[in-house]
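We're numbering straight along the sequence, starting at 1.
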Amino acid sequence: MSRSLSSPPPSSPVSRRSVLATTAAAATAAVVAPLATAAPSHAAAAAPTLPDGTSKDKVLVVGMDGLRHDVIATANAPHLTSMMANGTYGTSLLYANPMAATSSGPGWSTISTGVWPDKHGVRENSFAGKNYGRYPGFLARLAQVRPQLSTYAAVDWKPLDTQGTVTPGADAKLVLDGDRDGYTGHDATIAAETESILRNQNPDVLFVYFGQTDIAGHNSGAASAAYRRAIEVQDGHLGRLLAAIRARPSYAAERWTVIVATDHGHTDSGGHGGSAIEERRTFVLAQGPGIAAGARPADTRLVDVAATVFRQLGIVPDPAWGLDGKPIQERSTDPFEALHPVLAGRADETGIPAGVLGWTHTAPSGWSVVNSAMGTGGVAEWRGWAFATDEFWSRTQRDQHRELNVRSRGVFAVADSDEWDDRASSGPYDSTLVTPAYAVAGKSTVTLGLTTLYRQEGSQSARILASWNGGTPVEVKRYTSDVVSQPQSLTLNVPSGAANVSFRFHYTGSNNWYWVIDGVKVTTG
């Protein structure tokens, strides 16, 4: 799309975490910290002076804490709505324990670092186990690889600074204490100071954080008018920042990307940290060069914010960074993504809303499912290998680690003997997913890549088999212990005379657990 950041005219402005406290009165204290946090002051301070920017590619990341995306449509949020129309808007679900709680510490760490909690180490708000040395935030990474960029961060949940989640690497920062003083006033201060910087200085990359939506969620619930009002206020802050960008004298020669994201959702009654779908809701909304207008991708994840920042700045991440994210404009290309048009609503499942379309037994072109040894009966959705979305599959039963399927994207393949056995059945769960035949003539090796979530129990089995030239399948890998959503790579030597190979994923069980595969890719060398 074009560089233009289109937006409706600004609407009239409407005049955390460790405890669920009532919001304090609007505060006037502003702590401005160029390169280091200054002592608290009760007098409003001038915006810090940043180094002059060096890039025509510029990025603003706006974090809105605890903003449940399905409530935006019921609020008066013209700027978010405009960005959805003019940008790409991907919604997804978070992990849950035991990977991490649906809390702010893990959520903002995931956004900032571009990796999941099993890498960045933050599992709840104590930040115990944080591994930012190995997986720094994107501002810290930019300071390493592009130190000439002018960068700024503004937060009013202090741990994002004191724990090193967001602010390290910033040339200047504004750090306020919303837990002590209240988020309403401090959010407004962050909006005003950032607006001033955007209008009057030349920053390259900015991260700003607003916290009052989370407080409103805790105090009143996500179904409340107070929560919708908090969204409207933060939408007004966003509108001020968008207007400031468009008002820049150099705007016509610049290429601006604006990204909005949240760290977790909220229950209707208020609160988060658990595994309910409402607590796990997140989104990434981005508008800028090369980002499609009106797109609603099904394969976006929260780890994609940092990767999108790098892409928009023309930075190619080093594989050694270990990023889990990808740019928001980059689509998954595995064969399961072609199944979105045939996804259906529930059949036997009762705990999934009727309007959620998220499963099918239709295999992708060239693939097949062999159920000749499969028992009879059981839950229809899970009779043999099925293809499903996170929204559908993880609703089947909470807190059985289905929430840990974080590295799958969009549609994935799942064999779930546990859910199949929830209705009367006879015989074993025995199903095989078969790939197409891949050409290997003249090649020395073939590599099967995929992502796996596997939970072991009892006598269940999960095997990968290879069939050369359509011959008898030979076991090449067997899973005997849990694999928590990890990339897998299996390289085989091509036998003499082999022209093609197909792979089989054979799963057996008896009311045991499940096996998920996604991102299947076969390459030769």
Can you name the closest pair of heavy atoms from [X] and [Y] and give their distance?
X: Thr213; Y: Phe210; result: OG1-O, 4.4 Å
X: Leu302; Y: Gly107; result: CD2-O, 4.0 Å
X: Ser394; Y: Leu93; result: OG-CD1, 3.9 Å
X: Trp321; Y: Ile315; result: CH2-CG2, 4.1 Å
X: Ala286; Y: Ile291; result: O-CG2, 3.3 Å

Those residues that, when tested against [X], pass ring-ring contact (aromatic ring centres under 6.0 Å, His included) (two or more places apart):
X: Phe336; result: Trp367, Phe387
X: Trp513; result: none
X: Tyr152; result: none

Please identify each residue that fulfils side chain to side chain donor-acceptor pair (under 3.5 Å) with [X], with sequence neighbours left out.
X: His237; answer: none
X: Asn405; answer: Ser408
X: Thr389; answer: none
X: Thr110; answer: His120

For the [atom1] atom of [X] and the [atom2] atom of [Y], what is their distance to the nearest 0.5 Å?
X: Thr184; Y: Gln212; atom1: OG1; atom2: CD; result: 3.5 Å
X: Ser372; Y: Asp430; atom1: OG; atom2: CG; result: 7.5 Å
X: Thr360; Y: Leu343; atom1: OG1; atom2: CG; result: 6.5 Å
X: Tyr135; Y: Ser109; atom1: OH; atom2: OG; result: 13.5 Å
X: Asp65; Y: Gln234; atom1: CG; atom2: CD; result: 8.5 Å
X: Ile352; Y: Arg346; atom1: CD1; atom2: CZ; result: 8.5 Å

Those residues that, when tested against [X], pass salt bridge (charged side-chain N to carboxylate O under 4.0 Å, His left out) (two or more places apart):
X: Arg423; value: Asp348
X: Glu391; value: Arg281, Arg395
X: Glu457; value: none
X: Arg301; value: Asp390

Indicate yes or no: at least one non-hydrogen side-chain atom of [X] is less than 4.5 angstrom from one of [Y].
X: Thr508; Y: Ser461; value: yes
X: Phe283; Y: Val260; value: yes
X: Thr308; Y: Val284; value: no
X: Tyr89; Y: His69; value: yes

Under 3.5 Å, is there a donor on one side chain and an acceptor on the other for [X] and [Y]?
X: Asn125; Y: Ser103; result: no
X: Glu124; Y: Ser126; result: yes
X: His186; Y: Asp181; result: yes
X: Glu349; Y: Gln397; result: no

Run the side-chain hydrogen bond (donor to acceptor under 3.5 Å, both in side chains) check on Thr282 and Ser92 step by step: do they pass? CA-CA 5 Å; Thr282 60; Ser92 64; 3.2 Å; yes

Does the ring of Trp420 carry Arg383 above it, NZ/CZ under 6.0 angstrom from centre and within 45° of its axis?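 No.
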
With side chain to side chain contact (heavy atoms under 4.5 Å, CB included) as the test, would you mind laying out the steps for Leu176 and Leu174 before giving the verdict? CA-CA 7 Å; Leu176 307 173; Leu174 172 64; 3.9 Å; yes

One thing to verify: whether [Y] and [X] come together as a salt bridge, which I'm taking to mean a side-chain N less than 4.0 angstrom from a carboxylate O.
X: Asp214; Y: Arg68; result: no
X: Asp518; Y: Arg409; result: no
X: Arg228; Y: Asp235; result: no
X: Asp324; Y: Lys119; result: yes

Salt bridge (charged side-chain N to carboxylate O under 4.0 Å, His left out) pairs, two or more places apart, involving residues 109-118: Asp118-Arg407

How about Tyr429 and Tyr507: are their ring centroids closer than 6.0 Å? yes

Determine, step by step, whether Asp299 and Lys326 satisfy the side chain to side chain contact (heavy atoms under 4.5 Å, CB included) criterion, reporting the C-alpha distance in whole Å, the side-chain angles of both residues, the deciding distance to 0.1 Å, and the verdict. CA-CA 10 Å; Asp299 61 343; Lys326 64 179 179 60; 3.5 Å; yes

How are the rings of Trp382 and Trp359 set to each other: parallel, tilted or perpendicular (split at 30° and 60°)?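 Tilted.
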
Parallel, tilted or perpendicular, as decided by the 30° and 60° cut-offs, for the rings of Tyr454 and Tyr479: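 Tyr479 vs Tyr454 ring planes: tilted.
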
Before you tell me yes or no, could you show the steps for Trp393 and Tyr514 under ring-ring contact (aromatic ring centres under 6.0 Å, His included), namely the whole-Å CA-CA distance, both residues' side-chain angles and the distance that decides it to 0.1 Å? CA-CA 11 Å; Trp393 183 59; Tyr514 44 75; 5.1 Å; yes

Can Trp108 and Trp157 be said to form a ring-ring contact (aromatic ring centres under 6.0 Å, His included), step by step? CA-CA 11 Å; Trp108 292 113; Trp157 188 42; 8.5 Å; no

Please assess Thr113 against Tyr132 for the test side chain to side chain contact (heavy atoms under 4.5 Å, CB included), listing each intermediate value before the final yes or no. CA-CA 8 Å; Thr113 63; Tyr132 298 148; 4.1 Å; yes

Dump the intermediate steps for side-chain hydrogen bond (donor to acceptor under 3.5 Å, both in side chains) on Thr491 and Thr445, then the final yes or no. CA-CA 7 Å; Thr491 298; Thr445 61; over 6 Å; no

Show your reasoning for whether salt bridge (Lys or Arg N to Asp or Glu O under 4.0 Å) applies to Asp418 and Arg455. CA-CA 11 Å; Asp418 175 68; Arg455 192 170 186 194; over 6 Å; no

I would like to know whether Ser104 and Asp263 meet side-chain hydrogen bond (donor to acceptor under 3.5 Å, both in side chains); could you show each step before the answer? CA-CA 6 Å; Ser104 291; Asp263 56 333; 2.8 Å; yes

